[in-house]
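Heads up: the structure comes next, in structure tokens.
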Amino acid sequence: MLKQIEPDELIVGMYVARLGCSWLASPFWKKSFLVESAEELAKIRECRIDEVWIDISKGRDLPAPARSGTVPAETVATAPAATTPAPSCPARPRVGAPLLAQAPASIRTEMGRAGKTLDSGKSAVRSMFGEARMGRAVEVGEAMLLVEDIAGSVMRNANALISLARLKTIDDYTYMHSVAVCALMIALARELKLDDDQVREAGLAGLLHDVGKMAIPLEILNKPGRLTEGEFDVVRAHPAEGFRMLQASTDIGDAALDVCMHHHEKMDGSGYPQGLKGEQISLFARMGAICDIYDAVTSNRPYKKGWCPTESLRKMAEWRGNHLDADLFMAFVKCVGIYPVGTLVRLRSGRLGVVCELTEGKPLTQPRLRVFFSTKSATYIAPEWLDLAAPGCQDAIVGHEDAAAWKLVDIDRYWMGE
């Protein structure tokens, strides 16, 4: 189990899973190692790092006095005084810290941090899945650090990271899909009021649900056209392959194994690989099916352009009961909104706008928009912000629109920022 601690809490015998600095800035050639001497403690403190992650399953935990603010005697005896840490970005949440302790942020505030999380997440998943393709076990500790980052962003403002993750490129799809499903699983788990440990389990399950695709030959995985029946049989084997890969990892939870194996099962029993039906499918696997489908159908793929978010939800609503759990789907809609961020909508006034933010506690049909086009004159107008839930607002959404039908390009800039 990983735990985040302060550098001055580190003592000999602890197992460092990760230092809060870049690999190049670290004095150690390994990313993880056992602290065996006071000299190693001194080297770590000289790095002027702000945070350390330890694995208490492989080394010592914080002594009880340290938790109450007393410095352990052995630390005083063997460790030099800590140096003053360098200024840094806002601290990451501690692994295991209460997720709801994250202060809410507006989508504009969270967008920058969410973008950095996605960039680092894509690299981490690419590396993790590359190791799996080579037959090496998935490092669950590294995966949980990424889950913690994603969870922190989702707790501050779920729509920032989820909306940005939808803009993945075709080349990045396999890796960014895993990050997106992780974020969606966390958001849905929070909507269902699951406890923090279950939220983390859901996030890890989402992150690793498609690891079995690393057993698929690249020429099939990246094929731009329709798959043959034989090729589709190879793809259908990825849940079982992923289950096998994850079983080789230490500390992997039951939820991640279950979602990996069963995220393609359907409520009517027509799914695969085991044809499970209804309540035979676990809560986490039913959640995984919804999150997996939503990100898949809203993303551009080698063989098709992604649907707009609202159209995707409309299509998915038709699959309730047969393919998807109806109650969980309604909870999912509350997470992403009837008109998710980035949706082009037509207003009663005849203007077009892009949904920019969903406000907690306000109706899903009354998001905050950026209006920029008049359908009456078929021309662009000066962009303006419009909060449909504001007192006195007379306008309302009458439906979503297709940007191509109006020959509109690059509408994402209206919600992402200039």
Side-chain angles (χ1 to χ4, degrees), residues 88-93 99-125 145-169 172-173 175-188 190-191 203 206-207 291 294-295 298-300 306 308-310 312 334-345 353-362 364 366-372 383-390 403 408-418:
S88 65
C89 297
R92 297 166 67 172
L99 292 176
L100 290 179
Q102 291 291 302
S106 70
I107 194 170
R108 317 301 299 175
T109 301
E110 184 59 28
M111 197 75 74
R113 294 180 70 177
K116 292 177 182 178
T117 296
L118 286 174
D119 286 343
S120 62
K122 178 176 66 176
S123 298
V125 173
L145 291 173
L146 178 54
V147 170
E148 202 74 23
D149 276 354
I150 294 170
S153 182
V154 170
M155 293 300 168
R156 290 188 294 272
N157 190 304
N159 292 290
L161 190 144
I162 288 172
S163 302
L164 286 174
R166 200 176 63 247
L167 303 183
K168 63 185 73 66
T169 65
D172 291 338
Y173 175 79
Y175 311 110
M176 291 299 289
H177 174 64
S178 297
V179 176
V181 173
C182 172
L184 290 167
M185 287 285 279
I186 289 168
L188 180 53
R190 183 181 67 165
E191 178 64 32
L207 188 69
C291 297
Y294 177 78
D295 187 67
T298 56
S299 301
N300 292 330
C308 92
T310 296
S312 298
K334 289 182 180 179
C335 295
V336 298
I338 298 171
Y339 301 105
V341 171
T343 303
L344 179 68
V345 296
V354 171
V355 176
C356 294
E357 188 163 13
L358 308 178
T359 306
E360 191 166 348
K362 293 186 179 180
L364 295 177
Q366 296 179 330
R368 195 163 181 249
L369 313 174
R370 204 167 183 205
V371 180
F372 66 94
E384 72 173 270
W385 291 99
L386 179 64
D387 185 350
L388 294 178
L408 303 175
V409 296
D410 193 22
I411 66 171
D412 290 325
R413 70 182 187 274
Y414 292 109
W415 66 267
M416 290 178 63
E418 299 298 340

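The figures that follow rest on heavy atoms only: side chains count, while hydrogens, waters and symmetry mates do not. This chain uses plain numbering: 1 for the first residue, then up along the sequence.
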Between Glu357 and Asn159, is a side-chain contact (heavy atoms from CB on, under 4.5 Å) present by the stated rule, with each step listed? CA-CA 7 Å; Glu357 188 163 13; Asn159 292 290; 6.0 Å; no

Distance, nearest 0.5 Å, that separates [atom1] of [X] from [atom2] of [Y]:
X: Lys362; Y: Leu388; atom1: NZ; atom2: CG; value: 10.0 Å
X: Tyr339; Y: Leu358; atom1: OH; atom2: CG; value: 12.0 Å
X: Leu364; Y: Ile338; atom1: CG; atom2: CD1; value: 5.0 Å
X: Leu386; Y: Gln366; atom1: CG; atom2: CD; value: 10.5 Å
X: Met155; Y: Glu148; atom1: CE; atom2: CD; value: 9.5 Å
X: Lys168; Y: Tyr173; atom1: NZ; atom2: OH; value: 6.5 Å

Looking only at non-hydrogen atoms, find the nearest pair between [X] and [Y] and report the distance.
X: Thr310; Y: Pro340; value: OG1-CD, 3.5 Å
X: Val125; Y: Ser178; value: CG1-CB, 4.2 Å
X: Ser163; Y: Val341; value: OG-CB, 3.1 Å
X: Cys291; Y: Leu188; value: SG-CD2, 4.2 Å
X: Gly203; Y: Ile186; value: CA-CG1, 3.7 Å
X: Glu110; Y: Ser153; value: OE2-OG, 2.8 Å

[Y] side chain reached by [X] side chain, heavy atoms, under 4.5 Å:
X: Ser299; Y: His177; result: no
X: Val336; Y: Leu184; result: yes
X: Met416; Y: Leu164; result: yes
X: Arg368; Y: Ile107; result: no
X: Val355; Y: Tyr414; result: no

Could you walk me through whether Met176 and Leu118 satisfy the side-chain contact (heavy atoms from CB on, under 4.5 Å) test, starting with their C-alpha distance in whole Å, then the side-chain angles of each, then the deciding distance to 0.1 Å, before giving a yes or no? CA-CA 8 Å; Met176 291 299 289; Leu118 286 174; 3.7 Å; yes

With sequence neighbours left out, write down each residue that passes side-chain contact (heavy atoms from CB on, under 4.5 Å) with [X], or none if nothing qualifies.
X: Ala183; result: Ile150, Val154, Leu161, Ile162
X: Glu191; result: Ala331, Lys334, Cys335
X: Thr109; result: Ala105, Ser106

Go through it in stages, so that I can follow the logic: the residues are Trp415 and Thr343, the test is side-chain contact (heavy atoms from CB on, under 4.5 Å), and I'd like the CA-CA distance, side-chain angles, deciding distance and then a yes or no. CA-CA 9 Å; Trp415 66 267; Thr343 303; over 6 Å; no

Partners of Tyr294 by ring pair (Phe, Tyr, Trp, His ring centres under 6.0 Å), sequence neighbours excluded? Phe332

My understanding is that only residues two or more places apart in sequence, or in another chain, count here; which of them pass salt bridge (Lys or Arg N to Asp or Glu O under 4.0 Å) with Asp410? Arg413

Among all residues two or more places apart in sequence or in another chain, which pass the salt bridge (Lys or Arg N to Asp or Glu O under 4.0 Å) test with Asp412? none

For the pair Phe372 and Leu408, evaluate side-chain contact (heavy atoms from CB on, under 4.5 Å) and give the outcome as yes or no after the intermediate values. CA-CA 11 Å; Phe372 66 94; Leu408 303 175; 4.0 Å; yes

